[in-house]
Number of protein chains: 2
Amino acid sequence: MARRSARTRSLREACLAEALAIVEEKGVEMLSLREVARRLGVSHQAPYRHFPSRDHILAELVSAAFAAFAAHLDRARAGREPAQELEALGRAYLDYAARHPLQYRLMFGTPLPDPAQHPDMMRNARHAFAVLQAALGRHPPALGGPPGYDDINLEALFVWSAIHGVASMMQTDAVATLGLSSRVLAASPAHSMARMRTALAHLPIRAATRRRSRS
Amino acid sequence: MARRSARTRSLREACLAEALAIVEEKGVEMLSLREVARRLGVSHQAPYRHFPSRDHILAELVSAAFAAFAAHLDRARAGREPAQELEALGRAYLDYAARHPLQYRLMFGTPLPDPAQHPDMMRNARHAFAVLQAALGRHPPALGGPPGYDDINLEALFVWSAIHGVASMMQTDAVATLGLSSRVLAASPAHSMARMRTALAHLPIRAATRRRSRS
DNA sequence: GCGGTTGGTAGACAATGTCTACTCAATCGG
DNA sequence: CCGATTGAGTAGACATTGTCTACCAACCGC
């Protein structure tokens with residue numbers, strides 16, 4: 001009954017590939033182990049030989065997605081001069097989100113399997129963040145003195161949040177129904193990036209490293 | 001068999017209330033019409049008398065969530081002077097998202113029922129956006145000349161995206177696993193808002209209204 | 001050769017959304 | 001006042017899903 005061709009390489013790989021395909025074409029919530037098995041021409045229980053539960057296969061998909069995402073960012077950044085690094089990262093981020101919307105939603109939009117039970121799932125999320133941290137550390141106006149860890153992290157969170165906001169907003173049903181002109185919608189990402197640029201260009205105070213910032 | 005008390009007011013209302021309760025305590029994906037029925041002590045088909053499908057009840061929840069959200073923003077804004085309006089809006093936004101995370105995810109995080117088939121669902125989303133648009137229109141540095149619709153919309157999208165990014169990021173599993181100090185995490189929203197403030201304080205060019213901005 | 005492991009199958013179970021058939025009461029036209 | 005209609009709720013069924021358990025058939029080291 002089982003389609004042999006699919007098992008040339010271990011069924012495990014095939015399951016992951018097929019699951020990813022389903023996620024990319026129909027979204028996470030449509031991912032079903034039975035559908036995976038059906039597509040591979042194996043029994044509905046075959047995938048359970050390789051994954052203890054749906055969450056486990058999901059965790060691997062998330063992990064792979066973060067890996068691909070981080071690699072994409074890394075590629076975009078590599079070789080640039082510090083001045084253009086952040087710009088390139090931002091563009092690459094939005095580009096990735098726009099090109100793989102469902103994969104992006106998989107990483108940032110859905111309740112993920114408990115990270116505590118799937119320790120490797122987030123490894124490459126950390127890597128992606130590290131890329132951003134490093135780029136910010138090299139960003140000319142950002143710092144002068146010591147590494148100032150907290151400052152960089154605050155800045156990194158701001159940049160990441162803002163970019164994520166744009167990427168996420170553009171996929172939301174909400175914006176689509178606001179009746180905005182397509183001109184505005186198309187210009188919005190670039191505009192937001194411009195705003196972030198000016199925000200970073202005018203770094204006013206280094207709040208976090210000052211013990212008592214205002215009192 | 002049916003618990004009469006629940007039907008004092010029409011079962012319809014009761015279903016919506018119970019469904020909202022489920023969403024708020026377990027998340028959208030855990031919402032099941034059968035569970036609603038069970039909690040209300042009615043047969044599993046009773047809700048279908050009032051809602052043609054799960055999507056229809058979901059659409060009403062989304063609508064109600066947007067209404068509450070918009071009202072919250074409106075309340076926060078009311079009576080402020082233009083200079084503090086945006087600030088108050090931002091704070092209120094983040095406050096709402098932090099206090100009703102699952103409801104926030106309901107509005108912005110999940111694949112919603114097709115808006116085309118549930119026309120009223122997004123009405124209050126538009127209202128919330130309108131509040132922001134209006135506040136930006138009154139924001140001192142933002143404009144000088146004519147209404148400049150596109151400019152305001154671009155700015156509104158930027159502000160909304162950035163704030164949404166912060167709200168959404170703070171709920172993501174991703175940030176939790178970055179190993180950031182709780183000090184940074186706690187300071188992040190305020191920091192991001194500060195950055196947005198400087199971004200808006202230094203409005204450089206009005207890109208959208210210039211016919212050909214760069215070529 | 002033989003016992004265990006490895007990878008796969010088949011059947012069952014409960015939960016869910018949804019369809020259809022039914023019951024029962026209220027209401028309303030005549 | 002009576003019978004038909006309709007509104008509201010019940011009950012049973014079906015397909016789909018995740019997951020459990022039992023089974024089977026190679027294969028591999030001893």
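Predicted, not measured: the structure shown is a model, and the values here were computed from it.
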Under 3.5 Å, is there a donor-acceptor pair between the Gln117(B) and His56(B) side chains?
->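 Checked: Gln117(B)/His56(B) side chains show no N/O donor-acceptor pair below 3.5 Å.
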Would you please confirm or rule out a distance under 4.0 Å between OP1 or OP2 of [N] and any side-chain N or O of [X]?
X        : N       : result
Arg34(B) : dA11(D) : no
Tyr48(A) : dT19(D) : yes
Ser32(A) : dT16(D) : no
Arg54(A) : dG18(D) : yes

If I take atom [atom1] in residue [X] and atom [atom2] in nucleotide [N], what distance separates them, rounded to the nearest angstrom?
X        : N       : atom1 : atom2 : answer
Lys26(A) : dT16(D) : NZ    : P     : 12 Å
Arg38(B) : dG17(C) : CZ    : P     : 9 Å
Ile57(A) : dG18(D) : CD1   : P     : 10 Å
Glu29(B) : dG18(D) : CD    : P     : 15 Å
Arg12(A) : dG7(C)  : CZ    : P     : 11 Å
His44(A) : dC23(D) : NE2   : C1'   : 13 Å
Leu31(B) : dT16(C) : CG    : C1'   : 11 Å
Leu40(A) : dG8(C)  : CG    : C1'   : 13 Å

Sort me out a list of protein N/O and nucleotides 23-25 of chain C N/O pairs below 3.5 Å, or just none if empty.
none

Measure the acute angle between the ring planes of Trp160(A) and Tyr93(A), then classify it against the limits of 30° and 60° as parallel, tilted or perpendicular.
->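 Perpendicular, since the angle between the ring planes exceeds 60°.
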Which nucleotide wins on minimum distance to the side chain of [X], given the candidates [options]?
X        : options                  : result
Ala46(A) : dT10(D), dT9(C), dT16(C) : dT9(C)
Leu11(A) : dG9(D), dT9(C), dG8(C)   : dG8(C)
Arg49(B) : dG7(C), dG17(C), dA8(D)  : dA8(D)
Val42(A) : dG7(C), dA13(D), dT9(C)  : dT9(C)

Keeping the roles fixed (side chain from Thr110(B), backbone from Leu106(B)), state whether a donor-acceptor pair exists under 3.5 Å.
->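 Confirmed, Thr110(B) side chain pairs with Leu106(B) backbone.
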Would you indicate whether the side-chain heavy atoms of Leu61(A) and Leu16(A) approach each other to under 4.5 Å?
->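 Yes. Closest side-chain heavy atoms under 4.5 Å.
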Between Glu85(A) and Arg80(A), does at least one N-O distance fall below 4.0 Å, as a salt bridge requires?
->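 No, no charged N to carboxylate O under 4.0 Å.
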Run through Met107(A), Met122(A), His118(A) and flag the one making a side chain to side chain contact (heavy atoms under 4.5 Å, CB included) with Leu112(A).
->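 Result for side chain to side chain contact (heavy atoms under 4.5 Å, CB included) with Leu112(A): Met122(A).
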Pick from Phe108(A), Phe129(A), Phe69(A): which one makes a ring-ring contact (aromatic ring centres under 6.0 Å, His included) with His164(A)?
->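 Only one option passes, and that is Phe108(A).
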